K.L.:
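Shown below is the structure under consideration.
Just so it is clear: chains get the letters A, B, ... in the order the sequence lines come, proteins before strands, and each one is counted from 1. Quick caveat: nothing in here was measured; it's all calculated off a predicted structure.
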Amino acid sequence: MSEILEQLNQEQRRAVECIDGPVLIVAGAGSGKTRVLTSRIAYMIEKGVDPSRIMALTFTKKAAGEMKERIARMVGEKKARHLWMGTFHSVFVRLLREFSDSIGYPSSFTIYDTSDSVSAIRTCIKQLGLDDKTYKPKDVLARISKAKNALVTADAYPDNHRAMEDDRIAKRPKLAELYKCYDTLLKSSGVMDFDDILLNMNILLKVNPAALKEIAGRFDHILVDEYQDTNFAQYRILRELMKDRPVHNLCVVGDDSQSIYAFRGARIENILNFQKDFPETKTFRLEMNYRSTKNIVNAANSLISKNEDRLPKHCVAVGGEGEKLRLIRAYTAEEEAVLITSSILSRIREAGAEYRDFAILYRTNSQSRALEEALRKRNVPYMIYSGNSFFERAEIKDMMAYLKLTVNNSDNESFKRIVNTPARGIGATSLSALEAAAAKNGISLLEAAYRSDLESFGLRASAVQKIREFCDMIRRHGEMSLSQNADAVVKSLSDACGLYRSFKEDNSVEAQSRAANIEELVSSVTGFVEDRNGEYIEALIEDGAIQDADSVSEIECPLVPLGDFLEDISLLSNVDVVEDSDGDNRVALMTAHSAKGLEFPYVYVAGMEENLFPSGGMLASEKDIEEERRLFYVAITRAKTAVALTFANSRMRNGKHESNAPSRFLREIAPQYIENPLRKDDLRSRDTEEDDIPGFRFGSGNYRPYGAKSTSTAASGPRSFTPSSSASRPFTASSSGAIRSNAPMSTVKDALSRRTLPPKNEDFVPETMDCFHTGDRIEHNRFGFGRILEITGNIPELKARIVFDNYGEKLLLLKYAKIRRASLG
DNA sequence: GTGTAATGCTATTGG
DNA sequence: AGCATTACAC
């Protein structure tokens, strides 16, 4: 029997072996879903399916990367490399570029993130002379997004009675016009927003039957992870690709209980109706939970049983009883944070846990502030995985706008953002004159800058000159990017645009941190390029094109275009900006949404209060509550060993104190799984009745019940507790000067280049590459275990001759090879 | 045209 | 509370 099958339980194996025809795998939390998916792909390859004919879609880059890596371990990198594995968005972008002319886009189209989209909407609102209070940009975008997800195009929108009726009721009758305006703006800019990627994919398959045939014909198998989170647009793409086949080789994996993205268009119906869509479907249910203790699984089950809309499924924990869930009561959000911190510290003390074993989950990003403060006070290293991330900082967005405009000269929104950042004396008056000229001639702002009739629009010669200097700079780098790697272009651009210099010249802490962020971005491009080259070289080595790593330095690697880098980071999610392992030992802070797909030994869910979790906001319908309940289910089921649920009597929200009752969800978990269930007096009394439960009791009393007021956050430098702190530069950031992480934030480079497994694997001691010695037992991501025979060369060209247990002897360049030291003994 | 002060506003979740 | 846009003085 195949080795791949040996590690699976019976149901998992059946799901893996069932290669042909539609397959629905209902996979409960912790049931080995990823293992099944990866095993199934590996098994298919082993059975002779051509990997380049397999498409596997995930929601995050991280998930795709992990899977690809695991598959590479099973079948070898050489085969795994050819899989079409990636996020919906990245795979579809790749296809859209190829067939872009049939949908009226240049193949070099760029991608707008949400904030770009919002400013584009703002432009449209102004253009149509509408009031931005009745037409709030965010709301308008949400509405358009919804339409796109439902495959209602701008042209079809006015015919959609339902939508038009809704708009009339909402007193926003011009929405159709706005949609059209926005659509025109994006198209003429050669830009897509996130939703366009899916919408245009549908349009492509519809308007160009040859493309449909071609694309569908490329793949024998399609697999989809997290199917419960697909939206209508995604569903239709899959259906189109399956349409004309005798056998529908579509395998979807998901858990209806973990559907938490309805707000962005996900349709739980997709998974609920899969069997109807494909009547020949074979369904497999993975109900054995290998992740969590019985108490955790039972608690989660008792909670989710309150939902009506569910596929039949009953998860059973394989593991031991474990601890009961624990409630932690606090007066304020600040105290809550202190209690969590203390609890973490005593866990570490008593159970020998590490920082990386902990996650603190919450409903809203804003909750992270208090937690950060408490953790920082006790010197607990942490990492925030969401919210105000690296790419949301103004200076990074500015730099990104430079890059976008360089790649795509038609991008007027980016043009407007940076034409006068840093100040170049091109003010609002000049800009609107230029806009008028561009509009008159139907050309982009950048093109308009070179017209000879600019004076007739009221522009002075001096202004024209300044504008042209700016445009020249952009165009120069555009040309440069045709022949030079992304890193060279970004470096040059960052010098030429003067943004970096303007921060450097300013001596404020604020500006220095901004400059540092730009440095970070530049080094991330370098990392991206190095990584690409490394992959290329490793591929050559594996294909046998090079025998000797000595010749590596002479190899000419293919161009790494700026556009590739741009696309890569445009499609990052917030868990992607994450570095695993490699000395990264921190408590993880993130929203419950971001935590999906992850696991931790110890999980704290903070803010278990009505109006927060479940979220208040809109008049919550039962459907909304069900989604919140699923979200809470997701949160709990992240835990392997223990769960603590915390709530505060009152917390600051929007500058006001707010008091909310403990979350109804705390009552919905069957009390026998909770150590200290909710009491009647929980609204009033919050005495320190917490007791001797290891790890969930108070620390050494070093807390202040009423939330010690924050001392300066910006002044005190952040600390790093990374054990092997080689390149650890403190990372301060954010416009407010607040420190988001008390250790160097992992860089984009980390996100892009790390291919290591998540920290699940405790067999490895993280090491930096210069720590290897002859005789060391190591593990390579693809070749598995081996021993170093010899190290030669000079830094950074260190080479190691390694004999692998299963792959024989190889000479690898240490700076490219993904190697970890296996732990001793 | 640029910089700073005051005002107003607005709040999930995210690729 | 924090932020973003606006209002106003240089």
K.L.:
Could you give the NZ-to-C1' distance, from K397(A) to dA4(C), as a whole number of Å?
P.N.:
11 Å
K.L.:
Check whether any side-chain nitrogen or oxygen of S366(A) sits under 4.0 Å from OP1 or OP2 of dA11(B), and answer yes or no.
P.N.:
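No, because none of the side-chain N or O atoms of S366(A) sits under 4.0 Å from OP1 or OP2 of dA11(B).
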K.L.:
What is the distance, to the nearest angstrom, from the OH atom on Y633(A) to the C1' atom on dT13(B)?
P.N.:
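Distance, rounded to whole Å: 20 Å.
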K.L.:
Side chain of T429(A): nearest nucleotide among dG15(B), dG14(B), dG1(B)?
P.N.:
dG1(B)
K.L.:
Just to be sure I understand the rule, does T60(A) reach a base, reach only the sugar-phosphate, or reach nothing, if contact means heavy atoms closer than 4.0 Å?
P.N.:
nothing
K.L.:
Output the rounded distance in Å from CG (D195(A)) to P (dG14(B)).
P.N.:
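Those two atoms, CG and P, are 15 Å apart.
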K.L.:
So, are D568(A) and K61(A) salt-bridged, with charged N and O less than 4.0 Å apart?
P.N.:
yes
K.L.:
Starting at atom NZ of K148(A), determine the distance to atom P of dG15(B), rounded to an integer number of angstrom.
P.N.:
18 Å
K.L.:
Assuming nearest nucleotide by heavy-atom distance, tell me which of A423(A) and F194(A) is located more 5' along DNA chain B.
P.N.:
A423(A)
K.L.:
Looking only at N and O atoms, is any donor in the side chain of N420(A) or the base of dG1(B) less than 3.5 Å from an acceptor on the other one?
P.N.:
no
K.L.:
Checking D196(A) against Y112(A): is there a side-chain donor and acceptor pair closer than 3.5 Å?
P.N.:
no
K.L.:
Do R376(A)'s NZ or CZ and the ring of Y382(A) fall within the cation-pi criteria of under 6.0 Å and 45°?
P.N.:
no
K.L.:
When the C1' atoms of dT13(B) and dA4(C) are compared, how many Å lie between them, rounded to an integer?
P.N.:
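Taking atom C1' in both dA4(C) and dT13(B), they lie 22 Å apart.
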K.L.:
Look at N365(A) and dG14(B) and indicate whether a side-chain polar atom (N or O) is within less than 4.0 Å of OP1 or OP2.
P.N.:
yes
K.L.:
Tell me: CD of E392(A) to C1' of dG14(B), nearest whole Å?
P.N.:
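Atom CD in E392(A) sits about 10 Å away from atom C1' in dG14(B).
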K.L.:
Return the nearest nucleotide to the side chain of H593(A); candidates are dT13(B), dG1(B), dT5(C).
P.N.:
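Nearest nucleotide to the side chain: dT13(B).
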K.L.:
Nearest whole angstrom, please: distance from the C1' of dA4(C) to the NZ of K136(A).
P.N.:
15 Å
K.L.:
Please say whether the positively charged group of R264(A), taken as NZ for Lys or CZ for Arg, lies over the ring of Y261(A), i.e. under 6.0 angstrom from the six-membered ring centre and within 45 degrees of the axis.
P.N.:
yes
K.L.:
Can you tell me which nucleotide in dT2(B), dG14(B), dG15(B) comes closest to the side chain of F263(A)?
P.N.:
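Closest nucleotide to the F263(A) side chain: dG14(B).
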K.L.:
Quick one: E226(A) CD to dT13(B) P, roughly how many Å, whole number?
P.N.:
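After rounding, the gap between these two atoms is 20 Å.
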K.L.:
Would you indicate which nucleotide in dT13(B), dG15(B), dT2(B) comes nearest to any side-chain atom of R264(A)?
P.N.:
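The answer is dG15(B), which lies nearest to the side chain.
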K.L.:
Select from T114(A) and D132(A) the residue whose nearest nucleotide in DNA chain B is closer to the 5' end of that strand.
P.N.:
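That would be D132(A).
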K.L.:
Has Y261(A) got its ring stacked on the base of dT13(B), with centres under 5.5 Å and planes less than 30° apart?
P.N.:
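Base of dT13(B): not stacked against Y261(A).
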K.L.:
Side chain of K138(A) only, heavy atoms from C-beta on: which candidate in dT13(B), dA1(C), dA11(B) is closest?
P.N.:
dA11(B)
K.L.:
With a 4.0 Å cut-off on heavy atoms, is R122(A) in touch with a base, just the backbone sugar-phosphate, or nothing at all?
P.N.:
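Sugar-phosphate contact only - R122(A) comes under 4.0 Å of backbone atoms but never of a base.
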K.L.:
Can you tell me how far P of dC9(B) sits from CZ of R653(A), to the nearest Å?
P.N.:
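Those two atoms, CZ and P, are 21 Å apart.
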K.L.:
Is the shortest side-chain N/O distance from S594(A) to OP1 or OP2 of dT13(B) below 4.0 Å?
P.N.:
no
K.L.:
Is there a donor-acceptor contact under 3.5 Å linking the side chains of T87(A) and S90(A)?
P.N.:
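Distance-only check passes for T87(A) and S90(A).
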K.L.:
Centroid-to-centroid, H593(A) to F263(A), below 6.0 Å?
P.N.:
yes
